[in-house]
Amino acid sequence: KGSSFDQRYQLLQPAIERAFDLGLMTRIAVGPEWVDLPAAQQQELAAAFARYTIATYASRFDGYSGERFVVEPTSVPNPNGVIVESRLVQSDGKPVTLNYLMRRGARGTWQIIDVYLSGTISELATRRSEFVAVLQRDGAKGLVRLLQRRAAALRTG
């Protein structure tokens, strides 16, 4: 508690980069248009998506007031990997369901490729619907600008 956004960002960055397959998540969030983008734009988008994702978590974890995670001991098979079911139990005892879709990555380690808020709402599907509209309207550079603006807004709170 009491750490700045930048301190939380620096602390969370390596953990998030290990736990999440941010490259695959970027490709899924962008959708089929990904393959038509030049490599330089793909790299720009992946970097902006990673910064935005890390900034999102850095802004969410701005203090501790008795919350705890409960992870179910068994995973649920899914056509795209496995679902790990968890709950964030708030200090008042109220649970928030957070399920993670995990897949074995190229290095053989399990990584998160999607988060289901309230157990069923795909974070990537939500982003994808928005990203497609931005890509169609403003192109890849516009989507990079949007992600950069959002990451900066999270930093300033």
Side-chain angles (χ1 to χ4, degrees), residues 4-63 67 69 75-88 90 94-107 109-157:
S4 73
F5 175 89
D6 289 337
Q7 290 168 323
R8 292 189 310 274
Y9 187 100
Q10 294 302 317
L11 187 65
L12 289 170
Q13 181 177 4
I16 290 171
E17 288 175 347
R18 273 191 312 275
F20 288 79
D21 187 339
L22 293 170
L24 178 58
M25 291 173 74
T26 306
R27 292 191 299 276
I28 292 169
V30 169
E33 293 83 359
W34 178 263
V35 296
D36 298 326
L37 296 174
Q41 282 189 331
Q42 288 177 346
Q43 289 172 344
E44 252 189 300
L45 272 171
F49 184 86
R51 279 192 303 275
Y52 172 59
T53 299
I54 296 163
T56 298
Y57 281 91
S59 72
R60 287 179 184 166
F61 293 103
D62 63 349
E67 302 87 357
F69 272 103
S75 57
V76 179
N78 177 285
N80 296 311
V82 297
I83 300 283
V84 174
E85 298 176 337
S86 73
R87 292 182 313 283
L88 174 63
Q90 299 174 20
K94 190 166 117 181
V96 176
T97 302
L98 293 170
N99 293 339
Y100 296 91
L101 176 58
M102 301 191 74
R103 187 160 152 180
R104 193 179 301 274
R107 296 179 304 230
T109 58
W110 287 93
Q111 291 183 296
I112 298 166
I113 61 169
D114 200 357
V115 178
Y116 295 93
L117 308 170
S118 301
T120 57
I121 302 166
S122 165
E123 198 167 7
L124 275 184
T126 303
R127 288 181 177 173
R128 183 173 179 167
S129 64
E130 179 185 15
F131 288 4
V132 166
V134 173
L135 278 169
Q136 289 172 348
R137 187 181 63 241
D138 303 322
K141 288 190 183 304
L143 181 53
V144 167
R145 282 192 304 271
L146 172 72
L147 291 169
Q148 289 171 336
R149 277 196 314 272
R150 288 199 176 159
L154 288 166
R155 182 177 189 274
T156 58

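Values below: every heavy atom of this structure, side chains too, minus hydrogens, waters and symmetry copies.
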Applying side chain to side chain contact (heavy atoms under 4.5 Å, CB included), run through Tyr100 and Val82 and close with a yes or a no. CA-CA 8 Å; Tyr100 296 91; Val82 297; over 6 Å; no

I'd like to know if the side chain of Arg128 reaches the main chain of Ala29, judged simply by a donor and an acceptor atom lying under 3.5 Å from each other, with no hydrogens or angles considered. no

Answer yes or no: is there a side-chain heavy-atom contact under 4.5 Å between Asp36 and Trp34? no

For the residue pair Val76 and Glu85, establish whether any side-chain heavy-atom pair is separated by less than 4.5 Å. yes

Is there side-chain contact between Val30 and Leu45, with at least one heavy-atom pair below 4.5 Å? yes

Arg27 side chain near Val35 side chain, heavy-atom distance below 4.5 Å: no

Euclidean distance, Leu22 CG relative to Ile54 CD1, rounded to 0.5 Å: 6.0 Å

Beyond-backbone contact of Arg104 with Thr109, side-chain heavy atoms, under 4.5 angstrom: no

Value for CD (Gln111) from CE (Met25), rounded to nearest 0.5 Å, stands at 10.0 Å

Ignoring hydrogens, what is the shortest heavy-atom contact between Ser129 and Thr126? Give both atom names and the distance. OG-O, 2.9 Å

Spatial distance of atom CZ (Phe5) from atom CZ (Arg155) [nearest 0.5 Å]: 7.0 Å

Intermediate values then yes/no, side chain to side chain contact (heavy atoms under 4.5 Å, CB included), Val144 and Phe49: CA-CA 8 Å; Val144 167; Phe49 184 86; over 6 Å; no

Closer than 3.5 angstrom, by distance alone: can the side chain of Ser86 be matched with the main-chain N or O of Asn99 as a donor-acceptor pair? no

Gln7 backbone acceptor or donor facing Gln10 side chain under 3.5 Å: no

From Leu37 CG over to Gln43 CD, what is the distance, rounded to the nearest 0.5 angstrom? 12.0 Å

Flag side-chain contact, heavy atom, 4.5 Å: Gln41 against Lys141: yes

Verdict with supporting geometry, Leu143 and Leu146, side chain to side chain contact (heavy atoms under 4.5 Å, CB included): CA-CA 5 Å; Leu143 181 53; Leu146 172 72; 4.1 Å; yes

Would you mind reporting whether Phe131 and Glu33 have side-chain heavy atoms less than 4.5 Å apart? no

Between Phe20 and Tyr57, what is the ring plane arrangement, given parallel below 30°, perpendicular above 60°, and tilted in between? tilted

Tell me, do Leu101 and Tyr116 make a side-chain contact under 4.5 Å, heavy atoms counted? yes

Approximate separation, where rounding is to 0.5 Å, of Thr56 OG1 and Leu12 CG: 11.0 Å

With side chain to side chain contact (heavy atoms under 4.5 Å, CB included) as the criterion, how do Asp21 and Ile112 come out once you've worked through the C-alpha distance, each side chain's angles and the decisive distance to 0.1 Å? CA-CA 6 Å; Asp21 187 339; Ile112 298 166; over 6 Å; no

Below 4.0 angstrom, N of the basic side chain to O of the carboxylate: do Arg51 and Glu17 qualify? no

CZ of Phe69 to CZ of Arg87, rounded to nearest 0.5 Å, is 11.5 Å

